[in-house]
Amino acid sequence: MLDNYRFNETAEAYDSLVRGHPLPYGRAPQPRPEGQMELPEGTIVVSADNHWSVVDDIFYENFPAHLKEKAPRIVKTEDGEYQWIMNGKVMMPPAAARLVATFEKVPGCVSIEPRMRDFDVEGVQKEIAFGNGINLFHHVPDLEVRDWVFRIYNQHLKEMNQLAPGRFFGVGQVNVGNLEKIRDAVFEAKDLGLKTIQLPINPKGPDGKPMNYCMPEVDALWSAIEDADIPICFHVGEAHADGPGGEGVTVMTQFAGFRKNLGELIFGGILDRFPKLQVAFVEAEINWVPGALQTASMLYECYQQALNPKLKQHPRYYWENNCYAVFMHDPAGMRLLDIVGADRVMWSQDYPHAEGGFGWCWDSIKAVLDVTTPEQARMILGGTAMKVFKLD
């Protein structure tokens, strides 16, 4: 019989923290409760998934002359929203643009100083910052345009890093569709001081055709990343469904999408060929991991004759040596922490997303402290992120 009480208890643990909060621009940072919460000694709080928006027209300003008419433009609409326009068309569906606008009304989403003030109140000492909207450019067919968008964006991140040294660490982008230049792109990102790069969940090559990460020619990408000794991230939010139910359908499907990428890394032999790769799956919580590992184990045990290539290790080995998952608030996942592995998990504030902990960050941290040992909490709240991303 299903333990309905336990299920309802877990659901209530989630709902009780996220319930009733206004949209991010209506929130204020949560002060640390006096005398009610002590972090384990030596804890450095790192949000392994925050968000940053570019609202200045940096691409048009910095594009080479021969491509300037193809550069994306960032414009402010009459409603006060920022929209990305390329070739006369908006980049985001209207529903997605409206949602992002709710983040960008938070001053710290677009400006470093108020951002750091919010973090000071909420106890966040360092962050990994993913760009709002930038991953849409992974699907732009023109590879030269894509190259320049990502190069300019990465330079922008370096400038932002310098405004909050040792605290703001922006996530770089590289054009996986241009394999001839991918090694230079990876090392250029690293030379800018970026600590990690984001890869698209569904990569596209020349003319927007889908790519397969497991194909031999894509080993140029994995080789460059391994040689650069830089971790990679997969992050949700690459595409948005519009129309009735669009945002809900988008999130529900993308939170499950990492099974595809984990399957490619394991069953495509990528982690056998490039065993030093370090991979973080970001913003899909951690509760998907036990089911994915269970399915991977079934495949390994029951489909040995069909697997091609043959694996050198059990799927669990690759998770325990190469992979991590990032969550915001996940009571269901934390109940399964012994399966996921406390050293495979990183906490995030998800600033300033609607489901993120901005405005109740200390409550989110306490939820981790309540169900972990001090050693586990120290890793989850920042220690593992410090190690994986080599933060200083």
Side-chain angles (χ1 to χ4, degrees), residues 51-101 103-104 109-110 129-160 170-192 194 197-213 217-218 220-221 224 235 237-242:
H51 294 273
W52 172 258
S53 284
V54 178
V55 294
D56 295 323
D57 205 18
I58 62 171
F59 302 107
Y60 184 79
E61 293 175 357
N62 292 286
F63 249 55
H66 73 285
L67 287 176
K68 226 170 183 60
E69 75 281 358
K70 296 183 178 182
R73 304 298 303 264
I74 300 176
V75 300
K76 192 171 184 178
T77 69
E78 293 180 357
D79 297 327
E81 300 174 0
Y82 294 96
Q83 181 57 273
W84 300 44
I85 297 176
M86 192 170 185
N87 298 324
K89 298 180 180 179
V90 296
M91 296 287 291
M92 293 186 195
R98 288 193 297 270
L99 181 64
V100 171
F103 313 149
E104 293 170 345
C109 186
V110 300
F130 291 82
N132 287 317
I134 189 66
N135 52 1
L136 296 173
F137 289 95
H138 283 290
H139 297 170
V140 170
D142 191 319
L143 294 184
E144 188 178 14
V145 168
R146 209 192 297 178
D147 280 338
W148 276 101
V149 166
F150 291 152
R151 291 186 72 187
I152 292 166
Y153 180 74
N154 290 347
Q155 180 62 46
H156 165 79
L157 291 181
K158 177 183 177 179
E159 295 167 4
M160 296 304 101
V171 177
Q173 303 283 339
V174 294
N175 181 6
V176 301
N178 195 346
L179 293 173
E180 292 182 0
K181 296 183 178 180
I182 195 62
R183 176 167 289 267
D184 289 343
V186 168
F187 276 88
E188 182 177 285
K190 182 172 182 177
D191 290 343
L192 288 171
L194 306 185
I197 55 178
Q198 178 182 349
L199 300 187
I201 296 170
N202 298 299
K204 292 187 178 180
D207 301 321
K209 295 179 180 178
M211 290 175 59
N212 184 340
Y213 276 133
E217 59 267 25
V218 187
L221 167 69
H235 192 291
E238 192 171 299
H240 294 268
D242 209 9

Are any non-hydrogen side-chain atoms of Asn135 and Phe130 less than 4.5 angstrom apart? no
The reported gap from CZ in Phe59 to OH in Tyr153 (rounded to nearest 0.5 angstrom) is 8.0 Å
Atom CD of Glu217 and atom CD of Glu180: how far apart are they, to the nearest 0.5 Å? 12.0 Å
Using the test salt bridge (charged side-chain N to carboxylate O under 4.0 Å, His left out), find all partners of Arg151 that sit at least two apart in sequence or belong to another chain. Glu188
Heavy-atom check, side chain of Phe103 versus side chain of His51, under 4.5 Å: no
Taking side-chain hydrogen bond (donor to acceptor under 3.5 Å, both in side chains) as the test, write out the residues that go with Asn154, two or more places apart. none
Distance, nearest 0.5 Å, that separates CG of Leu192 from NE2 of His156: 12.5 Å
Heavy-atom side-chain proximity of Asp56 to Val110 below 4.5 angstrom: no
Distance-only donor-acceptor hits, side chain of residues 66-75, under 3.5 Å, sequence neighbours excluded:
residue	atom	partner	partner atom	Å
His66	NE2	Glu144	OE2	2.9
Lys68	NZ	Tyr60	O	2.6
Lys68	NZ	Phe63	O	3.3
Lys70	NZ	Asp142	OD2	3.2
Arg73	NE	Asp57	OD1	3.4
Arg73	NE	Asp57	OD2	2.7
Arg73	NH2	Asp57	OD2	2.6

According to salt bridge (charged side-chain N to carboxylate O under 4.0 Å, His left out), does anything in residues 84-94 pair up with another residue at least two apart or in another chain? List the pairs. none
Supply the atom-to-atom distance Ile152 CD1 to Glu61 CD, rounded to the nearest 0.5 angstrom. 9.5 Å
Any idea which heavy atoms bring Met91 and Leu136 closest together, and the distance? O-CD1, 3.9 Å
Within-4.5 Å side-chain heavy-atom neighbours: Val54 and Asn132: no
Please say which of His235, His138, Gln173 ends up in a side-chain hydrogen bond (donor to acceptor under 3.5 Å, both in side chains) with Gln198. Gln173
Minimal non-hydrogen separation, Val176 against Pro203, with atom names: CG2-CB, 3.8 Å
For Gly177 and Pro206, the nearest pair of non-hydrogen atoms, with its separation, is O-CD, 3.9 Å
Between Leu194 and Leu157 the two heavy atoms that sit nearest each other are CD2-CB, 3.9 Å
Measuring from atom CZ of Phe150 to atom CD1 of Ile197, what distance do you get when rounded to the nearest 0.5 angstrom? 11.0 Å
Do Leu179 and Val218 have side chains that get closer than 4.5 Å, going by heavy atoms? yes
Residue set satisfying side-chain hydrogen bond (donor to acceptor under 3.5 Å, both in side chains) with Glu81, at least two apart, ordered chain then number -> none
Which residues pass the side-chain hydrogen bond (donor to acceptor under 3.5 Å, both in side chains) test with Arg146, not counting sequence neighbours? Asn175
Spatial distance of atom CG (Asn202) from atom OH (Tyr213) [nearest 0.5 Å]: 8.5 Å
